[in-house]
Amino acid sequence: MENSRLIIFDTTLRDGEQSPGASMTQEEKLRVARQLERMRVDVIEAGFAAASPGDFSAIRAIAETIGNSTVCSLARANENDIRKAGEAIRPAESRRIHTFIATSPIHMEKKLRMTPDQVVEAAVRAVAMAREYTTDVEFSAEDAVRSDLDFLCRIFDAVIAAGATTINVPDTVGYSIPSVWGDRMRSLIERVRDSDKVIWSTHCHNDLGMAVANSLSAVLAGARQVECTINGLGERAGNASLEEVVMAVKTRSDIFGVETGIDTTQIVPASRLVSQITGYPVQPNKAIVGANAFAHESGIHQDGVLKHRETYEIMRAQDVGWSQNRLVLGKHSGRNAFRNRLQELGIPVASEEAVNAAFARFKELADKKHEIFDEDIQALMSDEGLPAAHEHIKLVSFKFRSETGETPHAELTLSVGGIEKHTEADGGGPVDAALKAIEQVVSSGSELLLYSVNAITTGTDAQGEVTVRLANGGRIVNGQGSDTDIIVASARAYLNALNRLYQGSERLNPQL
Ligand code: KIV
Ligand code: ZN
């Protein structure tokens, strides 16, 4: 590979999934993996095969589906993990095992209770075993940031001799700063034997808010793979954000002199999808994918941009997937126009039934909302993620009362397994009343872990997108619902989560 090519290794489905409450179902992981492939990510870390049977099965499904990106599984440096990873990725056209062991004194002594010699031996054995399954083997020295440089050189020499093809240097605890991290990468590349035979990689956490800066510093020092996640999701404060790394090296190619293979127009759709699925909203001022990233508020800025865009914009919104003409369809649009738009937006359609259901909702929405934007369509389709046949509980009709001085009250008719049931309840507010009324019928006893509302587009007729996260009997599910009426959106989101509980499509165990 040319020395100017920067490999983008996405770990949204593995490290990203380690964000509290962000674990995903298999079907959701597949949707994210397809979007990553569409975005032309080089390597998709699909999970950690030994973590749970659910994780194994999701990696297997991704390996069977994805043809244009390398599919990777994480594995600790032990036989069981390597064999599970090897089996899970077997169907992939291009496959990688990513094995790791901690190398810092604190991790070796207190966590692993292993001597440095034992750690080197385990790492070499793991890499050699991984090579039985694939020629593409990555080795990571966990907590490299707090590891002794001489010891890192020793273990990297040994694993390269055993067949590792990518060497990853992680700042596991987000402790470094850019100049130090770049120096560490440069020293390793200079000192490790055969360092020119491998790809050097970096994997930075964001505990001090420097994950992207540290990753970029490593690139300047010679790293040619960056491990990152969509929206910077990940363990604790998260990982380096893919969109920021990719757009930094593209926008400042004069400084970095590298290019990625990423189709940057797929960045915003990927960000939306991951946000919808995990229920992690994107802050409005987030670089690249935040709602305000290309919005100009001050008159001077607006005037400048209207005269000459580049006065205040260093990137073009459409280059990262913000649609230029966001008004797409109206109430007179037909099914074909709707289907075409889905294709243009790269939204995979699970079945004809799903298109029909979404088209019916689109028509309903078009009656209520004058202008329908791409974002509205994306939300409609995310609501249709669960095939109608699997919806055990459906909302038939809804009425609520909210008046100054009166207790909010909701009345709902639900269809539960095909039988209509009427329910009503009072609550602290109309949303509370609606969810209580649903619970009166289903008695799920679920604990509500998260309730969040986001306006999908601008304007007071915007759809509200609601995410709820429920815990029930050790299982955690997310549900989404959208509507111009946020009480209805809330009821839909709650029912969507309950249907997932009934369907058994709970979130897979987060790793470790
Ligand atoms: O942060 C870390 O060190 C990791 C390794 C498994 C690469 O996620
Ligand atoms: Zn990590």
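Start at 1 and go down the list; that is how both ligands and their atoms are numbered.
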Assess the side chains of D10 and T12: does a donor N or O sit below 3.5 Å from an acceptor N or O? yes
Checking side-chain contact (heavy atoms from CB on, under 4.5 Å) between I101 and each of M108, M114, Q118, which is the one that passes? M114
Distance-only criterion, 3.5 Å: show the donor-acceptor pairs between side-chain atoms of residues 58-66 and protein atoms not counting sequence neighbours.
{"from": "R60", "atom 1": "NE", "to": "E87", "atom 2": "O", "distance (Å)": "3.3"}
{"from": "R60", "atom 1": "NH2", "to": "E87", "atom 2": "O", "distance (Å)": "2.9"}
{"from": "T65", "atom 1": "OG1", "to": "A61", "atom 2": "O", "distance (Å)": "2.6"}

N239 versus N206, closest heavy-atom pair with distance: O-CB, 4.5 Å
Counting distance only, does the side-chain N/O of T134 pair as donor-acceptor with the main-chain N or O of R95 below 3.5 Å? yes
Distances under 3.5 Å, N/O of ligand 1 against N/O of the protein: list each pair and its distance.
{"from": "ligand 1", "atom 1": "1 (O)", "to": "H203", "atom 2": "NE2", "distance (Å)": "3.1"}
{"from": "ligand 1", "atom 1": "1 (O)", "to": "H205", "atom 2": "NE2", "distance (Å)": "3.0"}
{"from": "ligand 1", "atom 1": "3 (O)", "to": "T172", "atom 2": "OG1", "distance (Å)": "2.6"}
{"from": "ligand 1", "atom 1": "8 (O)", "to": "R14", "atom 2": "NH1", "distance (Å)": "3.3"}
{"from": "ligand 1", "atom 1": "8 (O)", "to": "R14", "atom 2": "NH2", "distance (Å)": "3.0"}
{"from": "ligand 1", "atom 1": "8 (O)", "to": "D15", "atom 2": "OD2", "distance (Å)": "3.0"}
{"from": "ligand 1", "atom 1": "8 (O)", "to": "H203", "atom 2": "NE2", "distance (Å)": "3.1"}

The Zn ion (ligand 2) neighbourhood, protein N/O/S only, threshold under 2.8 Å: D15 OD2, H203 NE2, H205 NE2
Quick one: ring-ring contact (aromatic ring centres under 6.0 Å, His included) pairs with a partner in residues 227-253, sequence neighbours left out? none
What residue among E45, K29, E235 forms side-chain contact (heavy atoms from CB on, under 4.5 Å) with R14? E45
Between K84 and E79 (salt bridge meaning N to carboxylate O under 4.0 Å), is one present in this structure? no
Can the ring centres of W200 and F156 be said to be less than 6.0 Å apart? yes
